Protein chains: 2
Amino acid sequence: MTKPHRKPRRHNAAPDRPAPGEPPRLDLGFLNGLLGYMLRRAQLAVYQDFFRTFADANVRPAQLAVLAILERNPGLKQTAIATALGIKRTNFVGLIDGLEGRGLLERRVADHDRRSSALHLTDEGRALLRRLKRMLDVHERRIAAGLDDAERRQLLALLERIADISRA
Amino acid sequence: MTKPHRKPRRHNAAPDRPAPGEPPRLDLGFLNGLLGYMLRRAQLAVYQDFFRTFADANVRPAQLAVLAILERNPGLKQTAIATALGIKRTNFVGLIDGLEGRGLLERRVADHDRRSSALHLTDEGRALLRRLKRMLDVHERRIAAGLDDAERRQLLALLERIADISRA
DNA sequence: TATTGTTATACTCTATAACTATA
DNA sequence: TATAGTTATAGAGTATAACAATA
């Protein structure tokens, strides 16, 4: 998956190449009409817009997802969030370290189980989240710009059915 | 993006944890109803099925895409394919090395420009492609299992409109 | 014994910089 | 000067293994 990773870091010499407006339109053979291929292209376009939108706030999709879940479920255990998001708990550690280091959330020893960390948003985290929700609104409107409300809802419903094939 | 990377390599001791059927169903807050979030989840499910389907053939999505384009456009230059797929030419080298090393395609010095490599499928590449197309058929039917024909076509159309926001 | 959080580590994907051989 | 292919390298994301503290 082509993830637009970061803002281009400024170095000292000539880059690989400037992206020339559009990729050459050539016949993609049987790729056309494949759900997997179109899904990937759509996801890529959305990620592009996401990174552009949240560059200032320096927030990545997984980070926003954590904040969103935590807003609704204060005190949730670290691993519960990780599994809900499909992230291995081992990779989740660094993600939470980052958010905690920025003062957006804090780990508290959980009641009744001193192994687990219960996560809580800080005031600063809640404040940032308010700002992020406004940015998200802009982002969402931009990527759904070509769709009317009924189409947007239908796309969401169809995507949900695709996403659920794994538990069929 | 959570890409199912490889077949689990067998090591010598206990793994991180067995994935227990389903992630706990908890309230995801404002993530629900977001195009970007549902798109990611759908893409993930499709990738899961793709890797499962093509594990035997040991073919990844980008590799299949190259073979598909090459079948329709024999002799296309390396960089033309790379840009069409949104892959940087610098990262494309290894991909083509792999396919060439497996005898599936070959690089030929292009007529009129000895800098470029014109890519051509070998007989072996064409043979594998026939097999891959049958596997792809199974894969595609599986991920679209919950949709009738009209729904599948509509999903493709909606995805295409999302994918095109970048060139708006 | 099993689970939570953690560190260490490896592989893949994507990115930039710089080289070469051609044009 | 510019372009095609290439190498080297770095940063994310995701994977497994193993350990300490706790259950």
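Just so it is clear, the values below take in all heavy atoms, side chains as well, and ignore hydrogens, waters and symmetry mates. Only a predicted model underlies this, so the values are computations on that prediction, with no experimental measurement involved. Naming convention: chains lettered A, B, ... in sequence-line order (proteins, then strands); numbering from 1 in each chain.
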Rounded interatomic separation in angstrom, taking NZ from Lys88(A) and P from dT3(C):
15 Å

Phe50(A) CZ to dG13(D) P, in whole Å, measures 11 Å

Is the shortest heavy-atom distance from the side chain of Gln43(B) to the side chain of Leu44(A) under 4.5 Å?
no

Check whether any side-chain heavy atom of Leu159(A) sits under 4.5 Å from a side-chain heavy atom of Leu39(A), and report yes or no.
yes

ring-ring contact (aromatic ring centres under 6.0 Å, His included) with Phe50(B): which residues, sequence neighbours excluded?
Phe54(B), His139(B)

Test side chain to side chain contact (heavy atoms under 4.5 Å, CB included) on Val93(A) and Gln78(A) and set out the steps.
CA-CA 8 Å; Val93(A) 176; Gln78(A) 210 172 287; 4.1 Å; yes

Measure CG/Leu85(B) against P/dT14(C) and give the value in whole Å, please.
11 Å

To the nearest Å, give me how far apart CZ (Arg89(A)) and C1' (dT7(C)) are.
12 Å

Just the rounded figure in Å: distance from P of dT14(D) to CZ of Arg40(B).
6 Å

Arg108(A): which residues meet the side-chain contact (heavy atoms from CB on, under 4.5 Å) condition with it, sequence neighbours left out?
Glu106(A), His120(A)

Between dC13(C), dT7(C), dT6(D), which one does the side chain of Val93(A) approach most closely?
dT7(C)

Determine, step by step, whether Asp137(B) and Lys133(B) satisfy the salt bridge (charged side-chain N to carboxylate O under 4.0 Å, His left out) criterion, reporting the C-alpha distance in whole Å, the side-chain angles of both residues, the deciding distance to 0.1 Å, and the verdict.
CA-CA 6 Å; Asp137(B) 226 68; Lys133(B) 282 199 254 187; over 6 Å; no

Within residues 111-120 of chain A, which residues have any heavy atom lying less than 4.0 Å from an atom of DNA chain D?
Asp113(A), Arg114(A), Arg115(A)

Measuring to OP1 and OP2 of dA4(D), would you say a side-chain N or O of Arg107(B) lies under 4.0 angstrom away?
no

Among dG13(D), dT14(C), dT16(D), which nucleotide has an atom closest to any side-chain atom of Asn91(B)?
dT14(C)

Spacing of Leu95(B) atom CG relative to dT14(C) atom P, expressed in whole Å:
9 Å

Do Thr90(A) side-chain and dT14(D) base share a donor-acceptor contact under 3.5 Å?
no

For Leu105(A) and dG5(C), give me the distance from atom CG to atom P, rounded to whole Å.
13 Å

Lys/Arg N to Asp/Glu carboxylate O, Arg130(A) vs Glu71(A), below 4.0 Å
no

Without decimals, in angstroms, what is the distance between Phe92(A) CZ and dA12(D) P?
18 Å

Of Asp97(B) and Pro61(A), the one whose closest DNA chain D nucleotide lies more 5':
Asp97(B)

